[in-house]
Amino acid sequence: MNRWVMKSEPDVFGIDDLAAAPQGTDRWDGVRNYQVRNMIRDHMRPGDAAFFYHSNTRPPGVVGVMEVVSGPYPDPTAFDPDDLHYDPKSTPEAPRWYCVDVRFRERLPRQVTLQELRECPDLEGFPLIRRGNRLSIVPVTEAQWAVIRRLAEG
DNA sequence: GCCAACGTTGGC
DNA sequence: GCCAACGTTGGC
């Protein structure tokens, strides 16, 4: 089982939106970065756990936990000319972009802010807190997962 | 709203 | 294959 942090802007799609979705499940689509695409396509599997991270908000940070509930499959939004994430270079025959379904598991007892993550000595080298990191999905080790969980307990 | 960081595009 | 221009992300 792999562990991840997945970022989304709460103004666009936040933890509350996921919790309110049917069965608490929704498609994590719209990824248009090759590094992130590769992580989804090659390493995400059903049963993986993921922190839900609110980006581009004040304060940014980890707010909840979800579970990957599908294998990777071609991102249908890439095929839809009316979609914001339409990419004519991706076709059903040769899909360029991938997505997974995720299910809401829980809200954390309290948000763990980016600042707290940065200030935590046990998280040194964690890619999420690297300056200039722009990947919307980041792998998390079991140890890092436990540290973040503990921070969320307050 | 600003701007640093970084990915992508396209001319050459 | 280099690199400048441009667009986007995302913290602040």
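Remember, predicted model here, so these are calculated numbers, not experimental data. To find a chain, count down the sequence lines: A is the first, B the second, and so on, and within it residues start at 1.
Here the C1' atom of nucleotide C:dC12 and the CG atom of A:L114 are 11 Å apart, to the nearest Å. Rounding to whole angstrom units, NE2 of residue A:H54 and C1' of C:dG11 are separated by 16 Å. When rounded to the nearest whole Å, the span between CD1 of A:I129 and P of C:dC12 equals 12 Å. As a whole-Å value, the separation of A:W97 CH2 from B:dG7 P is 13 Å. If you take CD of A:E119 and C1' of C:dG11, they are 15 Å apart, rounded to a whole angstrom. Rounded to a whole Å, the OH atom of A:Y34 is 15 Å from the P atom of C:dT9. Between the P atom of C:dG10 and the CG atom of A:D11 lies a distance of 13 Å, rounded to the nearest Å. Counting to the nearest Å, the C1' atom of C:dT9 and the NE2 atom of A:H85 are 13 Å from each other.
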| field | Stepwise ring-ring contact (aromatic ring centres under 6.0 Å, His included) check, A:Y34 with A:W97 | value | CA-CA 8 Å; A:Y34 288 103; A:W97 304 113; 4.8 Å; yes

Problem set entry | salt bridge (charged side-chain N to carboxylate O under 4.0 Å, His left out) evaluation trace for A:D75 with A:R32 | CA-CA 10 Å; A:D75 184 345; A:R32 295 296 179 267; 3.0 Å; yes

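When the shell of 6.0 Å around CD of A:Q23 is examined, it contains 12 or fewer heavy atoms from other residues, nucleotides or ligands. Around the CZ atom of A:R103, the shell of radius 6.0 Å holds no more than 12 heavy atoms that belong to other residues, nucleotides or ligands.
Within 4.0 Å of A:R130, counting heavy atoms only, lies no atom of the nucleic acid at all.
For the side chain to side chain contact (heavy atoms under 4.5 Å, CB included) with A:P59, the lone residue among A:Q111, A:E116, A:Q115 that qualifies is A:Q111.
Applying the side-chain hydrogen bond (donor to acceptor under 3.5 Å, both in side chains) rule to pairs touching residues 128-143 of chain A yields A:T141-A:Q144, sequence neighbours excluded.
Using a distance-only test at 3.5 Å, with no hydrogens or angles considered, no donor-acceptor pair links the side chain of A:D80 to the main chain of A:T77. Judged by distance alone, with hydrogens and angles left aside, the side-chain atoms of A:R110 form a donor-acceptor pair with the main-chain N or O of A:L151 at under 3.5 Å.
When the nucleotides C:dG11, C:dC12, B:dC6 are ranked by their closest atom to the side chain of A:Y53, C:dG11 comes out on top. The side chain of A:N33 approaches B:dG7 more closely than any other nucleotide in the set C:dG10, B:dT9, B:dG7.
In terms of position on DNA chain C, the residue among A:R134 and A:Q115 whose nearest nucleotide sits closer to the 5' end is A:R134. Of the residues near DNA chain B, A:N56 and A:L135, the one whose nearest nucleotide (by heavy atom distance) lies more toward the 5' end is A:N56.
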Its dot-bracket string being built from Watson-Crick and G-U pairs below 3.5 Å, with | for another strand and [ ] for crossing, DNA chain C has the pattern ||||||||||||

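Under the 4.5 Å side-chain criterion, counting only non-hydrogen atoms from C-beta, A:L108 is in contact with A:V62.
Between A:K7 and the phosphate of C:dG10, there is a side-chain N or O to OP1/OP2 separation shorter than 4.0 Å.
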I'd like a list of close polar pairs between nucleotides 2-4 of chain B and the protein, N/O only, cut-off under 3.5 Å.
unit_1: B:dA4; atom_1: O3'; unit_2: A:R131; atom_2: NH2; d: 3.0

